[in-house]
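Everything on this sheet refers to the single structure shown next.
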Amino acid sequence: MNAGFVGLGKMGFNMVEHLLELGHRVVVHDLSPDAVEAISAKGAIPAISLQQLVGELETPRIIWMMVPAGGAVDKVLDGLTPFLNRGDIVIDGGNSRYTDTVARAEKLDRQGINLLDVGTSGGLEGARHGACMMVGGNRDAYDFVEPLLAGLCVANGCGYMGASGSGHFVKMVHNGIEYGMMQAIGEGFDLLESSGFGIDHETVARVWSNGSVIRGWLMELAEKALAKDGRLSYLGGAIADSGEGRWTVETALELGVSTPVIAASVLRRFASRRPDNFSDRLVAALRNEFGGHGYAPAGGTEASS
């Protein structure tokens, strides 16, 4: 298939590499000429403007945005829509707030343009080798792009969630659950650290990753992080939050749904920006392992979020 791709950050670059390996023709645009040049060397077609990107695609066009939530999404949409036709499909693969997505979809629908919201999970490894995707928007548009999405995902890792906004809503809840799971892992290892037994954390993570009830990818990532340093002394404990945990709690309050574990994990991230402890260092390490998120070096401030 032919597709345009806007946004060549950590996730976007890996996804385009994956698309190219699958044999798709991909036209790319990014504010960084270096990123465009690097992915063009792997077979992508560069576009110096959004207008050129649109012009390189056959109708109905498929254009994937992988840009930060908020104003950056609106800026790209404003730059694209003057050049799009009825029936074209724009995908927002970032972590946009679902209420923003609903408003954007309604606006584009009045012009006959489809907006699909694709909540994307799996981190950098997933973007490169097989992700998990939760999709909302027009069902016919989803059916049209489903072969493209399925190729980017692991088996059974892609699904249609419902009307516009539902994909980003499901991804928001997913990230809220992720907050709670990481916090529980961090607190458990903090208790081990305080036990006085001199327990080797890497060994615990390895054992828990094999056959235990709490085995899974996050535990495997904990083992990987602890293999570098069993006490994570290379990390500070300040944990950033991308916004989706907050949105999950806010939405739970609006809907009258009790989410105490997720709420506590969000509040813990705020507290982590004070003097650190082992729990916070482990959660920061997990974020870095699966998503390449920045972290604060020991004694320093966070490198990036």
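For the ring-ring contact (aromatic ring centres under 6.0 Å, His included) condition, the pairs that include at least one residue of residues 134-158, sequence neighbours left out, are Y142-Y160. Residue pairs meeting the ring-ring contact (aromatic ring centres under 6.0 Å, His included) criterion with at least one member in residues 91-120, sequence neighbours excluded, are Y98-F169. The salt bridge (charged side-chain N to carboxylate O under 4.0 Å, His left out) contacts involving residues 149-164 comprise nothing, where partners must be two or more places apart or lie in separate chains.
Taking CG of D109 as the reference point, atom CG of N138 lies at 8.0 Å (rounded to 0.5 Å). Of the inter-residue distances, the one linking M182 atom CE with E187 atom CD reads 12.5 Å to the nearest 0.5 angstrom. Here CD1 of I91 is found 9.0 Å from CZ of F5. Values are rounded to the nearest 0.5 Å. For the atom pair R281 CZ and L286 CG, the distance stands at 13.0 Å (nearest 0.5 Å). Residue T259 holds its OG1 atom at 13.0 Å from OH of Y179, rounded to the nearest 0.5 Å. Rounding to the nearest 0.5 Å places CG of N175 at 4.0 Å from CD of E244.
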(request) Please test L19 against R25 for side chain to side chain contact (heavy atoms under 4.5 Å, CB included), starting from the C-alpha separation and ending with a verdict. (result) CA-CA 8 Å; L19 287 169; R25 177 179 179 270; over 6 Å; no

(message) Test side chain to side chain contact (heavy atoms under 4.5 Å, CB included) on E178 and S265; report intermediate values, then the result.
(response) CA-CA 9 Å; E178 177 188 294; S265 69; over 6 Å; no

(message) The test is side chain to side chain contact (heavy atoms under 4.5 Å, CB included); show your working for I89 and R61 and say whether it passes.
(response) CA-CA 6 Å; I89 301 167; R61 303 176 181 90; over 6 Å; no

(message) Using the rule given for side chain to side chain contact (heavy atoms under 4.5 Å, CB included), can you reason through R246 versus F270, listing the C-alpha separation, both sets of side-chain angles and the distance that settles it, and then say yes or no?
(response) CA-CA 11 Å; R246 297 191 201 195; F270 300 156; 3.7 Å; yes

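More than 12 heavy atoms of other residues, nucleotides or ligands sit less than 6.0 Å from atom CG of D143. More than 12 heavy atoms of other residues, nucleotides or ligands shown are found within 6.0 angstrom of CE on M219. More than 12 heavy atoms of other residues, nucleotides or ligands sit less than 6.0 Å from atom CD of Q111. Surrounding CG of L191 are at most 12 heavy atoms belonging to other residues, nucleotides or ligands under 6.0 Å away.
Through chains of ILVMFWY side-chain contacts below 4.5 Å, V54 is grouped with V6, V27, I45, L50, L53, L57, I63, M65, V67, V73, V76, L77, L80, F83, L84, V90, L108, I113, L115.
Grouping the Ile, Leu, Val, Met, Phe, Trp and Tyr side chains by contacts below 4.5 angstrom, directly or via other members, places L235 with L218. By the rule that hydrophobic residues join a cluster once side-chain heavy atoms approach within less than 4.5 Å of another member, V135 and M1 end up as members of one cluster. A continuous path of hydrophobic side-chain contacts links L124 to M133 [ILVMFWY only; heavy atoms under 4.5 Å]. Hydrophobic cluster membership is shared by L267 and I262, with clusters built from Ile, Leu, Val, Met, Phe, Trp and Tyr side chains linked at under 4.5 angstrom. Taken together through direct or relayed side-chain contacts under 4.5 Å among Ile, Leu, Val, Met, Phe, Trp and Tyr, I177 and V261 form parts of separate hydrophobic clusters.
Using modelled atom types and a 3.5 Å distance limit, the side chains of S96 and D100 yield no donor-acceptor pair.
The two residues G291 and K10 make their nearest non-hydrogen contact at O-NZ, 4.0 Å. H168 approaches V118 most closely through the heavy-atom pair NE2-N, 3.9 Å. Here the closest non-hydrogen pair linking G167 and D117 is N-OD2, 2.7 Å.
For the pair L116/V145, a side-chain contact is recorded, criterion being any heavy-atom separation below 4.5 Å from C-beta on. Looking only at side-chain heavy atoms (C-beta outward), H29 and V36 stay at 4.5 Å or farther from each other. Counting heavy atoms from C-beta outward, M66 and T120 have side chains that approach closer than 4.5 Å. Using a 4.5 Å heavy-atom threshold, the side chains of K171 and H174 count as touching. When side chains are defined from C-beta on, R206 does not count as touching E202, because their heavy atoms never get closer than 4.5 Å. Put simply, the side chain of S166 does not reach to within 4.5 Å of the side chain of M134, judged on heavy atoms. Counting heavy atoms from C-beta on, the side chains of R97 and T101 never come closer than 4.5 Å. With contacts defined as side-chain heavy-atom distances shorter than 4.5 Å, the pair L282/L226 qualifies.
No donor-acceptor pair under 3.5 Å is formed between the side chain of N2 and the backbone N or O of E58. When atom types are taken as modelled, the side chain of D74 and the backbone of G71 share no donor-acceptor pair closer than 3.5 angstrom. Without hydrogens or angle criteria, T248 side chain to M172 main chain gives a donor-acceptor distance under 3.5 Å.
One finds no salt bridge joining E21 and K42 here, because no Lys/Arg side-chain nitrogen approaches an Asp/Glu carboxylate oxygen to under 4.0 Å.
Taking H201 as the reference, F189, F278 meet the ring pair (Phe, Tyr, Trp, His ring centres under 6.0 Å) condition, with sequence neighbours excluded. Evaluation of the side-chain hydrogen bond (donor to acceptor under 3.5 Å, both in side chains) rule for H129 yields no partner, not counting sequence neighbours.
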